[in-house]
Amino acid sequence: MKSPLQYIKQSLSMRLSLWIVLFAAAVFLAALGFMFVESRRAVRLEAENRASEVLESTVQRVNGILDHVVVATDNVAWLVMRHLDAPDSMFIYSRCILENNPYLNGCSIAFEPDFFKSRGRYFSAYSYNDHGTILTTQEGNEQYEYFYMDWYQLVKLLDRPSWTEPFFDYNLNDIYSKDMIASYCKPLKDPNGRYVGTIAVDISLEWLSNTISAVKPYPNSYSIMIGEGGTYFVHPDSTKLFYQSIFTSSLLKPDPELISLGNAMQRGEEGMKQIRLEDEDCYVFYKPLSTTGWSMAIVCPESDIYSGYNRLQRTVTIIVLVGLLLMLLVFSRIVGWELKPLKRLARQTEFIASGNFDVELTAGSRIDEIGQLTKSFDNMQHSLVNYIEELKRTTALKASIESELKVASDIQMSMVPRIFPAFPNREDIDIYASMTPAKEVGGDLYDFFVQDDKLYFCLGDVSGKGVPASLFMAVTRNLFRIVAQQGKSPVEVAEQTNVFLAKDNEPGMLVTMFIGMADLKTGRLDFCNCGHNPPFIDGKFIEIEHENQALGLWEEAPFYGETIDNIKGKQLLLYTDGLNEAENSEHELLGENRLLELMASAAKLSSKEVVEMLRKLVEEHRAGADPNDDLTLMCLRIL
């Protein structure tokens, strides 16, 4: 029994009927289409106006609250500065600001260490609202040194009032509560301009979130608010608050539209964007909040906005489809009777169907649809011949490109040491390395050499993959060897390499790199970590004190080196993201915890055995999935 698709393919009458019906449908639906387009435009305009009004009203309300917090803080700060000689009055002022402003969560009037000699090192008058009851106490002790907290240090460093990023409240029992707050902090200075302390007024983000979310332009719309760093202050998904930013979801799956929205909100812009959130098309209306650096947005699902419009569209579509189906049945009967001569044409074209594209079709004298169809078949025959020839040329070109990439891969691999043992005349060095690009060519690199009883080595990861990354890798590797062979320290190698890479770096590429120099006599290791993953030493991560920038960003950026006194007999493993971020088909990462477990039991293995073990581990984790990143490993031990 023939399927409907087979019947349509073999029946010219059905196909012609379809064309007739499609043409009729185009004419019939033109008016409806115009109506739908105009209706959709009107619905969208009304939605924009409604959402913008709600957003403007909510922003004004929140700005009023925040401005009130600022005014209340300024008033208390004025009183505090007038009574610096009366420390007990600080408890009264801290309590009064909460009594006069019941929506505030807490207030700290904190002073510099030993500011009041008679009160000891710690003096901070702290009041907080405990479900309507205002409690006041002395804040600060050896377990909670408030003058090291972010809310205290922020305004001290900035020398101006500022709102903090959200944080969990610290209650009187010296434990962190579940209440998330943001603080408006103002520096306190005496008449001589000397910094004496900070006044911090807290506002509950849960209360602020409920205030913001109370008004919705549509049933399923919701509000979000982010801080200067993009962190969520307000979001319907409480798991994202404080722990995630607006950019978090785009780290694993890049989302240019979401990143653009986040950047616009961070810059304090106002507007509307249409993006896809949580697998749903949404309209996002956003606007900054006063001078806090925060930004608020209302997210309106497209399904809410166009719900009524979509119901009408579905009803009309069903009616149109039923009418077109009836037209198709009638026209197929009429056209089938008129096109019986096409059977002869079908027999003539069987030769073409069997692959004989050079067979000439019998030209008829008809000038009606059948004659036009014969001409169309003839044109199709010539098009197929041309297409096949073009396909052959394209296939040959692709083979040539693949051959050139193979040569490029061989050249790239020849630039790094591949012969092991690398130093057959020395028994004090056990080193082994491997590099496996995710594509034909990659952006990872490693290198090492011995000069003046010092082992210079490096391992790096260029941003991106493919040919551009491989070219940047080649330049970086050559710069390392040229600079290091001059007897430079790892810090000097990093600084000079960075200057060369950052200069005229229009594509904006960068490379993370670990640069080391081991003294083979003393075992001393000098290194400079430039934004790279911390290496393992004897199965544990090296504690990196200085997180230097990646190479190629800014020419004038400072770099700092570090030292390990003696690494003799210790196993040092360097690696790129292709190891800990290797993904399987479910996009699950290999992870650092699994590496820690494995490396803890690999202390007695040789460098080659460690590298081969890790490569096998990555292959088993991928389980046949394509590699998501280049994999480069280097293991060494000074014996």
Original post:
Could Glu619 and Arg622 be called an ion pair, given the rule that one side-chain N must be under 4.0 Å from one carboxylate O?
Top reply: yes

Subject >> Atom of Val618, atom of Ala582 and distance for their closest heavy-atom approach >> reply: CG1-CB, 3.9 Å

Original post:
Does the pair Arg276/Asp281 count as a salt bridge with the N-to-O cut at 4.0 Å?
Top reply: yes

Original post:
Is the backbone N or O of Leu636 less than 3.5 Å from a side-chain atom of Gln571, with the two atoms forming a donor-acceptor pair by type?
Top reply: no

**OP:** Mind checking the SG-CG spacing from Cys528 to Asn548? Nearest 0.5 Å is all I need.
**Re:** 4.5 Å

Original post:
At what distance, to the nearest 0.5 angstrom, does SG of Cys458 lie from CZ of Phe480?
Top reply: 4.0 Å

**OP:** Answer yes or no: does atom CD of Glu142 have more than 12 heavy-atom neighbours from other residues, nucleotides or ligands under 6.0 Å?
**Re:** no

Original post:
Any chance the side chains of Asp202 and Ser183 put a donor and an acceptor closer than 3.5 Å?
Top reply: yes

Original post:
Which value, rounded to the nearest 0.5 Å, describes the distance between Leu154 atom CG and Cys185 atom SG?
Top reply: 6.5 Å

Subject >> Tyr122 ring center near Phe147 ring center (under 6.0 Å) >> reply: yes

**OP:** Give, for atom CG of Leu574 and atom CG of Leu633, the distance between the pair rounded to the nearest 0.5 Å.
**Re:** 9.5 Å

Subject >> Output field: ring centroids Phe527/Phe514 closer than 6.0 Å >> reply: yes

**OP:** Compute whether any side-chain donor of one residue and acceptor of the other, for Asp577 and Asn533, lie under 3.5 angstrom apart.
**Re:** yes

Original post:
Can you check side-chain contact (heavy atoms from CB on, under 4.5 Å) on Ile515 and Lys488, steps first, answer last?
Top reply: CA-CA 11 Å; Ile515 304 171; Lys488 303 292 186 179; over 6 Å; no

**OP:** Look only at the side chain of Asn584 and the backbone of Glu586, and say whether a donor-acceptor pair between them is shorter than 3.5 Å.
**Re:** yes

Original post:
Just checking, any donor-acceptor pair under 3.5 angstrom between side chains of Tyr152 and Glu112?
Top reply: yes

Subject >> Test item: Asn505 side-chain N/O and Met509 main-chain N/O as donor-acceptor pair under 3.5 Å >> reply: yes

Original post:
Any donor and acceptor pair, going by atom type alone, linking the side chain of His532 with main-chain N or O of Ala550 inside 3.5 Å?
Top reply: no

Subject >> Which residues share a side-chain contact (heavy atoms from CB on, under 4.5 Å) with Gln549, sequence neighbours left out >> reply: Asn498, Leu553, Trp554, Ala557, Phe559

Subject >> Qualifying side chain to side chain donor-acceptor pair (under 3.5 Å) pairs, either residue in residues 624-639, two or more places apart >> reply: Asp444-Thr632

Original post:
side-chain contact (heavy atoms from CB on, under 4.5 Å) between Val299 and Leu277: does it pass, once the steps are laid out?
Top reply: CA-CA 9 Å; Val299 180; Leu277 293 174; 3.9 Å; yes

Original post:
Do the side-chain N and O atoms of Asp461 and Thr512 include a donor-acceptor pair separated by under 3.5 angstrom?
Top reply: no

Original post:
If you draw a 6.0 Å radius around CG in Leu158, do more than 12 non-hydrogen atoms from other residues or ligands fall strictly inside?
Top reply: yes

**OP:** Begin from the C-alpha positions of Arg615 and Val611 and carry the test side-chain contact (heavy atoms from CB on, under 4.5 Å) through to its verdict.
**Re:** CA-CA 6 Å; Arg615 292 181 62 182; Val611 171; 4.1 Å; yes

Original post:
Are Ser295 and Gln266 close enough that a side-chain donor and a side-chain acceptor fall under 3.5 Å?
Top reply: no

Subject >> Over all atoms of both residues, closest heavy-atom pair of Trp294 and Ala182 >> reply: CH2-CB, 3.8 Å

Original post:
Would you call Lys253 and Asp255 a salt bridge, taking side-chain N to carboxylate O under 4.0 Å as the test?
Top reply: no

Original post:
After noting the C-alpha distance and the side-chain angles of Thr164 and Asp150, does the key distance pass the side-chain contact (heavy atoms from CB on, under 4.5 Å) rule?
Top reply: CA-CA 8 Å; Thr164 67; Asp150 290 345; over 6 Å; no

**OP:** Please check if the side chain of His235 supplies one atom and the backbone of Asp237 the other of a donor-acceptor pair under 3.5 Å.
**Re:** yes

Subject >> For the student: nearest non-hydrogen atoms of Trp151 and Thr198, plus distance >> reply: O-CG2, 4.0 Å

**OP:** Mind telling me whether Tyr184 and Trp163 have parallel, tilted or perpendicular rings, with 30° and 60° as the class edges?
**Re:** tilted

**OP:** Return the minimal non-hydrogen interatomic distance between Met225 and Leu289, and the atom names on each side.
**Re:** SD-CD1, 3.0 Å

Subject >> Donor-acceptor contact below 3.5 Å, side chain Glu139 vs main chain Ser124 >> reply: no

Original post:
What do you reckon, is CG of Asn566 surrounded by more than 12 foreign heavy atoms closer than 6.0 Å?
Top reply: yes

Subject >> Other residues, nucleotides, ligands: >12 heavy atoms within 6.0 Å of Phe500 CZ >> reply: no

Original post:
Within the side chain of Gln496, is there an N or O that forms a donor-acceptor pair under 3.5 Å with the backbone of Val483?
Top reply: no

Original post:
Are any side-chain N or O atoms of Ser606 and backbone N or O atoms of Glu609, one a donor and one an acceptor, separated by less than 3.5 Å?
Top reply: yes

Subject >> Ile537 and Ile567, any side-chain heavy atoms less than 4.5 Å apart >> reply: yes

**OP:** Starting at CZ of Phe541, measure out to CE of Met599 and round the result to the nearest 0.5 Å.
**Re:** 9.5 Å

Subject >> Approximate separation, where rounding is to 0.5 Å, of Ser585 OG and His621 NE2 >> reply: 9.0 Å

Original post:
Who pairs with Leu595 by side-chain contact (heavy atoms from CB on, under 4.5 Å), at least two apart in sequence or on another chain?
Top reply: Phe536, Leu579, Asn580, Leu590, Leu614, Leu617

Subject >> Arg426 bridged to Asp453 by N-O distance under 4.0 Å >> reply: yes

Original post:
So, does Tyr195 use its side chain to make a donor-acceptor pair with the main chain of Gly197 at under 3.5 Å?
Top reply: yes

Original post:
Would you say Lys503's side chain and Gly552's backbone share a donor-acceptor pair under 3.5 angstrom?
Top reply: no

Original post:
Should we count NZ of Lys156 as having more than 12 external heavy atoms under 6.0 Å?
Top reply: yes

Original post:
Relative to each other, are the rings of Tyr446 and Phe448 parallel, tilted or perpendicular (30° and 60° limits)?
Top reply: parallel

Original post:
In terms of side-chain geometry, is the basic nitrogen of Lys608 or Asp430 positioned less than 4.0 Å from the acidic oxygen of its partner?
Top reply: no

